[in-house]
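Below is one structure; the comments refer to it alone.
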Amino acid sequence: MSKGGKSDQEEGEENMAAWLVGLNTLKIQPFKLPPLGPHDVRVGMKAVGICGSDVHFLKALRLADYVVKEPMVIGHECAGIIEETGSEVKDLVPGDRVTLEPGIGCWRCDLCKEGRYNICPDMKFFGLPPFHGSLARQIVHPAYLCFKLPDNVSLEEGALCEPLSVAVHACRRGNISPETNVLVMGAGPIGLVTLLAARAFGAPRIVTVDVDGNRLSVAKELGADGVVEASTNMQDIPKEVETICNMMGAKVDVSFDCAGLSKTMSTALSVTRAGGKVCLVGLGHNEMTVPLTPAAAREVDVIGVFRYKNTWPLCIELLRSGKIDVKPLITHRFGFSQKEIEEAFETSAGGGSAIKVMFNL
């Protein structure tokens with residue numbers, strides 16, 4: 001997996017990376033590159049975004065069943081510049097600007113063979129224990145998971161192909177089309193890119209729900225047809241379902257729960273029309289209490305969404321064509337120093353006006 005390095009480093013200079021070394025503790029330390037295989041490339045990292053999962057590992061040293069048991073390099077939303085290619089790499093050359101898909105499937109299991117490599121049980125994924133991530137000066141990665149960026153797509157936008165891929169995969173799973181009215185539960189980074197992707201897939205009407213009025217304002221600016229400010233109280237679900245229906249002005253065909261909480265999933269199941277779909281995108285709670293029986297009686301399909309597969313080419317085209325603009329999501333930028341990595345993660349964890357925090361290396 002990834003190993004770091006400095007894109008403009010002098011011969012023999014140590015490559016450095018941001019290591020998660022303990023609870024709430026990140027350190028910039030040397031990171032040794034692995035040998036460059038014939039089908040690998042060495043990439044100088046230029047843009048790396050902070051994901052909510054990165055913050056979760058920092059704050060808890062675990063996420064669901066993934067536990068940080070020893071120091072590891074963090075990060076997985078990334079783009080950079082090719083610095084060296086393996087002997088068998090034909091489609092990339094030094095100087096190419098690329099965005100990186102962070103997960104390496106085993107390509108031996110039945111799921112990989114079926115093309116569903118995103119749920120490969122042996123996937124090696126940037127920054128997911130025990131595998132190192134990409135918040136480093138350099139990394140080594142398989143060439144087939146590095147995608148060239150058009151001239152009009154920035155490296156920062158390239159890094160955001162990762163969260164955008166989650167949204168594109170969700171829209172594919174939900175079969176979003178110009179005949180699909182969409183509800184998005186949650187206006188965090190994933191909820192907002194899901195809003196953008198659903199619109200690009202042709203959804204005629206999109207309503208976004210969140211507890212944070214500031215984030216709902218951003219959703220409105222990004223094109224939501226309506227926004228609903230909700231509470232955290234389960235008792236408010238019937239009233240909020242009525243508000244959502246009135247705001248939509250039509251039936252909700254597909255709901256995306258981008259938070260993954262009992263309250264958001266219960267709302268989504270309750271408001272989605274008979275025969276509709278609820279896509280669980282956010283993984284906030286490992287266990288939830290939700291009204292499944294009434295939803296089943298209306299044949300509401302519950303669809304799991306995990307990572308993505310074969311999404312990078314479409315994401316790049318959506319950015320190149322201007323059908324999706326992710327630049328407004330980047331609210332904070334930091335360099336790569338010990339002080340700045342600490343400030344960046346504090347900013348991301350603090351919420352508030354922070355949506356996407358980006359490192360420029």
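Along the sequence shown, residues are numbered consecutively beginning with 1.
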- prompt: Which pairs count as side chain to side chain donor-acceptor pair (under 3.5 Å) when at least one residue sits in residues 182-191, sequence neighbours excluded?
  reply: none

- prompt: Are any of the side-chain nitrogens in K263 or D257 under 4.0 Å away from the carboxylate oxygens of its partner?
  reply: no

query: What residues, two or more places apart in sequence or in another chain, satisfy side-chain hydrogen bond (donor to acceptor under 3.5 Å, both in side chains) together with E317?
result: R320

message: How long is the straight-line distance from CZ of R298 back to CG of L269, given to the nearest 0.5 Å?
response: 7.5 Å

task: Look only at the side chain of Q338 and the backbone of L26, and say whether a donor-acceptor pair between them is shorter than 3.5 Å.
output: yes

message: Tell me every residue that passes side-chain hydrogen bond (donor to acceptor under 3.5 Å, both in side chains) with R273, counting only those two or more places apart in sequence or in another chain.
response: D253

query: Counting only N and O atoms by type, is there a donor-acceptor contact under 3.5 Å from the side chain of W19 to the main-chain atoms of P30?
result: yes

query: About how many Å separate OG1 of T208 and CZ of F256, when rounded to the nearest 0.5 Å?
result: 11.0 Å

message: When you measure from the centre of the six-membered ring of F57, is the NZ or CZ of R62 closer than 6.0 Å and no more than 45° off the axis?
response: no

- prompt: In the hydrophobic clustering that connects Ile, Leu, Val, Met, Phe, Trp and Tyr at side-chain heavy-atom distances below 4.5 Å, which members other than V227 occupy its cluster, ordered by chain and number?
  reply: L216

- request: Enter the distance from I206:CD1 to M247:CE here, rounded to the nearest 0.5 Å.
  value: 14.0 Å

query: Is a side-chain N or O of D225 found less than 3.5 angstrom from the main chain of V207, in a donor-acceptor match?
result: no

Ring pair (Phe, Tyr, Trp, His ring centres under 6.0 Å) contacts in which one or both residues fall within residues 206-231, not counting sequence neighbours: none

query: Between T243 and E240, is any side-chain donor less than 3.5 angstrom from a side-chain acceptor?
result: no

field: R333/E340 salt bridge by N-O under 4.0 Å criterion
entry: no

- prompt: Side chains of S255 and T272: is there a donor and an acceptor less than 3.5 Å apart?
  reply: yes

- request: Return the minimal non-hydrogen interatomic distance between S165 and T311, and the atom names on each side.
  value: OG-OG1, 2.8 Å

message: Does the plane of the ring in F359 sit parallel, tilted or perpendicular to the ring in F336? Use 30° and 60° as the thresholds.
response: perpendicular

query: Just by distance, do the side chain of N246 and the backbone of E242 share a donor-acceptor pair under 3.5 Å?
result: yes

query: Is the side chain of H56 donor-acceptor paired with the backbone N or O of A64 at a distance under 3.5 Å, no angle test?
result: no

task: For T180 and P178, indicate whether the former's side chain and the latter's backbone hold a donor-acceptor pair under 3.5 Å.
output: no

query: Say you draw a straight line from CG of L329 to CD1 of I355; how long is it, rounded to the nearest 0.5 Å?
result: 6.0 Å

query: Taking atom OG1 of T194 and atom CZ of R199, what is their separation to the nearest 0.5 Å?
result: 13.5 Å

- prompt: Within the side chain of R42, is there an N or O that forms a donor-acceptor pair under 3.5 Å with the backbone of L33?
  reply: no

- prompt: Is the backbone N or O of T331 less than 3.5 Å from a side-chain atom of K356, with the two atoms forming a donor-acceptor pair by type?
  reply: no

- prompt: Taking E342 for the side chain and K339 for the main chain, is one N or O donor matched with an acceptor at less than 3.5 Å?
  reply: no

message: Test ring-ring contact (aromatic ring centres under 6.0 Å, His included) on H39 and Y144; report intermediate values, then the result.
response: CA-CA 8 Å; H39 298 282; Y144 79 93; 9.2 Å; no

message: Side-chain heavy atoms nearer than 4.5 Å, only ILVMFWY residues, links allowed to pass through others: does that put V357 and L192 together?
response: yes

task: Look at the aromatic rings of H132 and F31 and report parallel, tilted or perpendicular, splitting at 30° and 60°.
output: perpendicular

message: Give me the atom names and distance for the closest heavy-atom approach of A198 to I176.
response: O-CG2, 3.9 Å

- line: ring pair (Phe, Tyr, Trp, His ring centres under 6.0 Å) pairs touching residues 282-309, sequence neighbours excluded, are Y308-W312

